[in-house]
There are 2 protein chains.
Amino acid sequence: MSRLDRTLIADLAPFQGMHAADLDTMLGQARSMRIVKETAIFEQEGEAHSFFLLLDGHVRVVKTTPDGQQVIVRYISPGELLGIARALGRTTYPASAIAAVDCVALAWPSRLWSEFAAAFPSFGANTYKAVGARLQDAHARVIEMSTEQVDRRVAHALLKLIQQTGRKTEDGLLIDFPLSRQDIADMTGTTLHTVSRLMTVWEERGLVKSGRQKVTVVQPHKLLLLAEGHVDK
Amino acid sequence: MSRLDRTLIADLAPFQGMHAADLDTMLGQARSMRIVKETAIFEQEGEAHSFFLLLDGHVRVVKTTPDGQQVIVRYISPGELLGIARALGRTTYPASAIAAVDCVALAWPSRLWSEFAAAFPSFGANTYKAVGARLQDAHARVIEMSTEQVDRRVAHALLKLIQQTGRKTEDGLLIDFPLSRQDIADMTGTTLHTVSRLMTVWEERGLVKSGRQKVTVVQPHKLLLLAEGHVDK
DNA sequence: GATAAACGTTGCTGCAACGCAAACAAAGCC
DNA sequence: GGCTTTGTTTGCGTTGCAGCAACGTTTATC
């Protein structure tokens, strides 16, 4: 790992407020790894032997129900920790993490997490703050699933994605990794058919442009209005 | 607070592994309070000035959407912490906490939380473990809302409640606080009408017995089969 | 004990969204 | 270039469940 890399890593949320030397200690014990597209970083129910820092790419966290239905819990962007099950008192991963594109990540053995958290208080605090945010997010999603109908949920999901990974193009904000109708359905608790129908309607109205596994939001503002229900669908 | 009380409190999950003297330090700074039925311990959006330990009673945590719909996030039983928003990096409460019955609780100023967590590592670790469990729970609920239909969600909710607060009676396991059809609906993302219909069917089949704001699960095992979908409804 | 308020039940109707099926389109592969 | 695989679109029938409305029942209030 080059000097430059370390400087960039120091800016990431999980390491805010840490001393450079402490960060070096952590990085010294990390294993760098590449994950090819559509392979798993870790699997649901598997023993939580490591935790990870995503450096490049996008990862989807997926839960599969006993009867085989998939739910996408969230997408992870570079700079975020994943697989911290052990830090929350679990011994197995509660979900699978699949690389949506080719990825680069750092890995540490799980047992080191508590050592790091104890030795570098900022690191522990940052993690717990992130966990707090995730809890918030999960609750927000429960509310959404309980009270809002499909079109609004899908609109919301797209907005969250462009906020996370939106890349400006001539058409609008492109979601920067392959995203199928089925993926969107798995994020919002609906079916690919319903998503497909919604997308065609929105495309006709000029809200989005989309192709195979590709979504560009043309008019984020209008999509937001729809998501918030300030407009008749 | 009597000597006996302190002994009992020491057994509660948030204080496992703490020294008796440290616990005394904490309790010395707590304010004991009674909350009358159906009043708020804290309100959504309100400044998170305190965190609480529920000693007696049952509290429901409710989120209200901008358009007035209510969602019950969870019920809290004696021995659990609540209102720990500040510990997760928030300055306001993300939900309201309403006493389902007359309650007794201890309250500490929020700023003390980080002091306690730093001074008594077990306390901090216990809390984060609890937060981890809540995150798990929230995710499980998202999955459930995404993939299961109403009857199974309601069955699951009832099972969770009897597990938390079930009191053995001659009829079966009674949920030990007033619980209306609307409450169950708010827990499961449906309407009181649908819940009412389900309850009548289940009553006819001898799965439950219920009256006004009162639910007794007669055959938990059969209800579980229904919740898991191992039986045609 | 009469009146009101809160909670629960039940029939009916409508529709959002699911499921199925068939066809189409694009990408990968030999 | 043809073949397969994977993803998308779209029509049509079905249905779970919400929404409305009316009524019954229990608990509070004075």
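Remember, predicted model here, so these are calculated numbers, not experimental data. Naming convention: chains lettered A, B, ... in sequence-line order (proteins, then strands); numbering from 1 in each chain.
B:Asp171 contributes atom CG, which lies 4.0 Å from atom NZ of B:Lys209 (distance to the nearest 0.5 angstrom). Expressed to the nearest 0.5 Å, how far CG of A:Leu159 lies from CZ of A:Arg152 amounts to 12.5 Å. Note that CD1 of A:Ile184 is 7.5 Å distant from CG of A:Leu161, once rounded to the nearest 0.5 Å.
Counting distance only, with no hydrogens placed and no angle test, the side-chain atoms of A:His193 and the base atoms of D:dT8 include no donor-acceptor pair under 3.5 Å. Side chain B:Arg212 to base D:dG24: no donor-acceptor pair is found below 3.5 Å.
In this structure, B:Gln182 atom CD and D:dG19 atom P are separated by 11 Å, rounded to whole Å. Atom CZ of A:Arg197 and atom P of D:dG11 are 9 Å apart (whole Å). For the pair B:Lys37 NZ and D:dA28 P, the interatomic distance rounds to 8 Å; values are reported in whole Å. Atom C1' of nucleotide C:dA16 and atom CG of A:Asp151 are separated by 10 Å, given to the nearest angstrom. The CD-C1' distance, from A:Gln149 to D:dA18, rounds to 10 Å in whole Å. If you measure from atom NZ of A:Lys214 to atom P of C:dA25, you get 17 Å, rounded to the nearest angstrom. For the pair B:Leu198 CG and C:dT10 C1', the interatomic distance rounds to 14 Å; values are reported in whole Å. As a whole-Å value, the separation of A:Met199 CE from D:dT9 C1' is 13 Å.
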- Message: Checking B:Ser210 against B:Arg181 for the side chain to side chain donor-acceptor pair (under 3.5 Å) test, could you report, in this order, the C-alpha distance in whole Å, the side-chain angles of both residues, the deciding distance, and whether it holds?
- Response: CA-CA 10 Å; B:Ser210 73; B:Arg181 302 290 185 259; 2.9 Å; yes
- Query: Going through the distances and angles, do A:Glu45 and A:Thr92 end up as a side chain to side chain donor-acceptor pair (under 3.5 Å)?
  - Reply: CA-CA 5 Å; A:Glu45 313 293 330; A:Thr92 61; 5.0 Å; no
- Item | Check against side-chain contact (heavy atoms from CB on, under 4.5 Å), A:Leu8 and A:Leu55 | CA-CA 10 Å; A:Leu8 291 174; A:Leu55 289 178; over 6 Å; no
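Between A:Trp113 and A:Tyr128, the ring centre distance stays below 6.0 Å.
Out of C:dA17, C:dC12, C:dG8, the shortest distance to the side chain of B:Arg181 is found at C:dG8. Closest contact between the side chain of B:Thr191 and the listed nucleotides D:dT8, D:dG16, D:dG19 involves D:dG19.
Using a 4.0 Å heavy-atom distance criterion, A:Ser196 is classed as a base contact.
Taking 4.0 angstrom as the limit, A:Thr194 places none of its side-chain polar atoms (N or O) nearer than this to OP1 or OP2 of C:dA17.
Within residues 62-77 of chain A, no residue has any heavy atom under 4.0 Å from DNA chain D.
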